[in-house]
Amino acid sequence: MKFSEMKYERPDLEALKNQQTALTERLQSAADYETARQVFLEEQELEKHINTQATLASIRHSIDTRDGFYDEESKFWNAATPELQAVSQEWTLALLASPFRADFAREYGELMFTNAELELKAFSPEIVPELQQENDLTQEYEKLLASAQVPFEGGVYTLSQMTPFKSDPDDERRLAAWKAEGQWYKDHQDRMDSIYDQLVHLRDTMGKKLGYEGYTTLGYYRMGRNCYTKEDVEQFRAAVVKYLVPVADSIYREQAKRLGKEYPMSFADNALEFRSGNPRPQGSAEDILAQGKKFYDELSPETSEFFRVMLDGELLDVLSTEGKAGGGYCTSLPDYEVPFIFANFNGTQGDVEVVTHEAGHAFAEYLNRKRVPLSSRWPSMEACEVHSMSMEFFAWPWAEGFFGEDTRKFYYSHLSGALTFIPYGTMVDHFQHIVYEQPDLTPAQRHGVWKELMGTYMPWMRLDGEIPFYSEGEHWQLKHHIYSSPFYYIDYCLAQTVSLEFWAMIQKNLPDAWQHYMAYTSQGGSATFTDLLKNAGLKSPFEESCLREVCQAAREWLANFDLTGIA
């Protein structure tokens, strides 16, 4: 079925609650495992249907945030989801207390119960009002960014449409683009400050209502962290500073030499990797998707089948249009057993990374689409990001079809970008830990924290006030995850580290690397992040040797890569 044919209908909220309650009562009164199992499977079908309807509304709202109907439906789900979560908690309690728990664990795995216990720690009906407010505030933030109209060179552009100008080879034009975009953020900063301040205090209140010191512990539970701790993350951050920041710093020093610029460079100059311009995909959006099809057809039978389903079902919405929410994501529609990819093509290297990164998520979902329980289709977030970031590197042998004469630029840019991203992403995580440990910081103090952290994690960025917003240590506010998904961003850094393991394996033996990838991905969410890695013969990023070794391999590759003839 095509996406446009999938029917959305707002459900009767009270009827859903009653259905869930009835299922809970039936589970509690089940006389034997077979009866309990049948009730469990019925509850799974209800959960699938609720998720599908909520996701359809969310996707269609993000495709056009001006659409009044889906704007109202998003508001409905913002309020309804916490109420459903309260009823769902009773089901979870009944499942955990079931006399047939051992039978369920034998058939569906003990992790289902481990994660259920985390969910209980992350929710109470007492925090439903705060959850509803949180949903409304994050939606307000997303709509604010989606509404952006940036005047530039006589035209008006969305934030996504400004991206190509921000890496233009012409120094004056590129700087002007950064200033224009930065000014839009500066003009709307008071609203962004207010939204975030409310979110921080709401989350702090939720944490304290649930008996925690504030939000941090609750945030870890909400992220489903089931195999590592805050202390593990702190050790990883220290390893990033020790091993990766020096590598990233050397990359930017070489870039400054290529551009004929003084180090450290401005945001605008750091955005230009080569004097002749950054790598850009060749052809139209249709050409990129066609090359994506060729890549997946030739990579494996499983990926070929998957991408054909995506194209035939119109399950990719990738063009940047007015009113469309920013960014990109992959989600799933469990009633139809298909994923969906949302993106904003803008003529940059990122367009190809959408077809590989988001499709990496989508392939993992497609591969595990029939898993029971529903929660075991996706692993925890950092494990999911391994699917996507690693798939980007598996596309390297097909890069020429995407980039043509810019292929060598792409190889260098992609690897160096993966390395320089991790310090930034780690800084996002460190920033959030400080913010939630000190929820009463003023907006100005939060900006000061970010600016100070930049000196540790991103010393290659010059902060001199030349570009509004960016050069004043305020650009954390453009990162959606900081507003909508606190503590998510370290997941990208952990996953990027694992993806660099895959990159190193691909350089030696692509088929062998693909076998490891399939061994990892085919597990779905049946194990914890660290166990998924172990089962697939991969190192954990929490092992210091992991980051040290991938940094060494990448540094050697970059040093020996031939950039002859590329200015």
Side-chain angles (χ1 to χ4, degrees), residues 8 54-79 132-167 176-200 202 267 285 317-329 331 340-348 350-351 354 358 443 446-447 467-470 472 474-486 488:
Y8 171 77
T55 303
L56 281 171
S58 175
I59 293 170
R60 289 171 178 162
H61 177 254
S62 60
I63 288 172
D64 187 355
T65 59
R66 305 165 303 175
D67 186 309
F69 175 79
Y70 283 109
D71 187 50
E72 288 302 313
E73 293 312 293
S74 289
K75 291 175 182 175
F76 164 78
W77 286 105
N78 284 349
Q132 292 172 327
Q133 292 176 61
E134 181 186 38
N135 288 341
D136 287 340
L137 286 165
T138 54
Q139 183 175 334
E140 181 182 349
Y141 168 78
E142 296 290 347
K143 286 184 69 176
L144 176 63
L145 266 59
S147 73
Q149 297 285 284
V150 182
F152 183 67
E153 294 185 341
V156 179
Y157 301 91
T158 66
L159 294 173
S160 179
Q161 291 167 342
M162 284 297 296
T163 304
F165 300 122
K166 290 170 64 187
S167 59
W178 277 84
K179 287 182 175 180
E181 188 203 57
Q183 190 60 53
W184 184 89
Y185 281 113
K186 198 68 181 171
D187 291 343
H188 294 83
Q189 189 167 50
D190 286 347
R191 188 68 207 126
M192 291 191 293
D193 279 336
S194 174
I195 291 170
Y196 192 63
D197 194 63
Q198 291 177 73
L199 284 168
V200 169
L202 269 176
F267 282 79
D317 190 292
V318 299
L319 299 181
S320 182
T321 54
E322 192 172 338
K324 190 173 184 179
Y329 61 77
T331 187
F340 184 92
I341 291 174
F342 171 93
N344 282 273
F345 276 15
N346 51 32
T348 67
D351 296 353
V354 164
E358 298 302 344
R446 291 187 191 116
H447 296 314
I467 303 170
F469 181 70
Y470 287 96
E472 298 160 30
E474 299 166 348
H475 68 284
W476 62 268
Q477 292 187 300
L478 60 79
K479 182 48 59 188
H480 297 231
H481 299 71
I482 293 179
Y483 280 76
S484 60
S485 305
Y488 189 156

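Here, residue 1 is the first one in the sequence, and each next residue gets the next number. All heavy atoms count here, side chains included; hydrogens, waters and symmetry mates do not. Note that the coordinates shown come from a computational prediction; the quantities given were computed from them, not determined experimentally.
Between the side chain of Q198 and the main chain of S194, a donor-acceptor pair closer than 3.5 Å is present. Checking side-chain atoms of Y483 against main-chain N and O of M192 turns up a donor-acceptor pair under 3.5 Å. Here the side chain of D71 pairs no donor or acceptor atom with the backbone of D67 at under 3.5 angstrom. Using modelled atom types, no side-chain atom of S58 and backbone atom of A54 make a donor-acceptor pair closer than 3.5 Å.
Remark: Y157 OH to T163 OG1 distance equals 12.5 Å, nearest 0.5 Å. Rounding to the nearest 0.5 angstrom, the gap separating the CG atom in L159 from the CH2 atom in W184 is 5.5 Å. In this structure, the separation between CG on D317 and CZ on R60 is 11.0 Å, given to the nearest 0.5 Å. With rounding to the nearest 0.5 angstrom, the OG atom of S485 is 10.5 Å from the NE2 atom of H480. The structure places CG of L202 at 10.0 Å from CG of D197, a figure rounded to the nearest 0.5 Å.
Remark: K75 engages E72 in a salt bridge, criterion side-chain N to carboxylate O under 4.0 Å. R446 and D193 are not joined by a salt bridge, as no carboxylate oxygen comes within less than 4.0 angstrom of a charged side-chain nitrogen.
Inspection of the Y470 and E181 side chains reveals an N or O donor paired with an N or O acceptor under 3.5 Å. A donor-acceptor contact closer than 3.5 angstrom is absent between the side chains of N344 and Q161.
Y8 meets the ring pair (Phe, Tyr, Trp, His ring centres under 6.0 Å) test with Y70; sequence neighbours excluded. Taking the ring pair (Phe, Tyr, Trp, His ring centres under 6.0 Å) definition, one finds that W77 meets it with nothing, sequence neighbours left out. Under the rule for a side-chain hydrogen bond (donor to acceptor under 3.5 Å, both in side chains), the partners of S62 that lie at least two apart in sequence or sit in another chain are Y329. Partners of K186 according to the side-chain hydrogen bond (donor to acceptor under 3.5 Å, both in side chains) rule, which considers only residues two or more places apart in sequence or in another chain, are Q189, E472, E474. Residues passing the side-chain hydrogen bond (donor to acceptor under 3.5 Å, both in side chains) test with N135: none are found, sequence neighbours excluded. Applying the side-chain hydrogen bond (donor to acceptor under 3.5 Å, both in side chains) rule to T65 yields no partners; only residues at least two apart in sequence or on another chain are considered.
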Given Q139 and N78, is the side-chain contact (heavy atoms from CB on, under 4.5 Å) satisfied, shown in steps?
CA-CA 9 Å; Q139 183 175 334; N78 284 349; 2.5 Å; yes
Hey, mind stepping through L144 and E140 against side-chain contact (heavy atoms from CB on, under 4.5 Å) and telling me if it holds?
CA-CA 6 Å; L144 176 63; E140 181 182 349; 5.7 Å; no
Verdict with supporting geometry, F469 and Q477, side-chain contact (heavy atoms from CB on, under 4.5 Å)
CA-CA 9 Å; F469 181 70; Q477 292 187 300; 3.6 Å; yes
What do the steps show when you test W178 against M162 for side-chain contact (heavy atoms from CB on, under 4.5 Å), and what is the final call?
CA-CA 9 Å; W178 277 84; M162 284 297 296; over 6 Å; no
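In this structure, K324 and A343 approach most closely via the heavy-atom pair NZ-O, 2.6 Å. Nearest heavy-atom pair, T158 versus S320, reported as atom, atom and distance to 0.1 Å: OG1-OG, 4.0 Å. Among all heavy-atom pairs drawn from S484 and E142, the shortest one is OG-OE2, 4.2 Å. Summarising the geometry of A176 relative to F152, their closest heavy-atom pair is C-CE1, 3.6 Å, with the distance given to 0.1 Å. The minimum heavy-atom distance between P151 and A180, with the atom names listed, is O-CB, 3.8 Å. Taking each heavy atom of A57 and E73 in turn, the nearest pair found is CB-CB, 4.1 Å.
Side-chain contact between F342 and T331: absent, with no pair of heavy atoms (C-beta onward) separated by less than 4.5 Å. The shortest distance between side-chain heavy atoms of T55 and F340 does not fall below 4.5 Å.
Of the residues listed (L137, T138, L145), the one engaging Y141 in a side chain to side chain contact (heavy atoms under 4.5 Å, CB included) is L145, and it is the only one.
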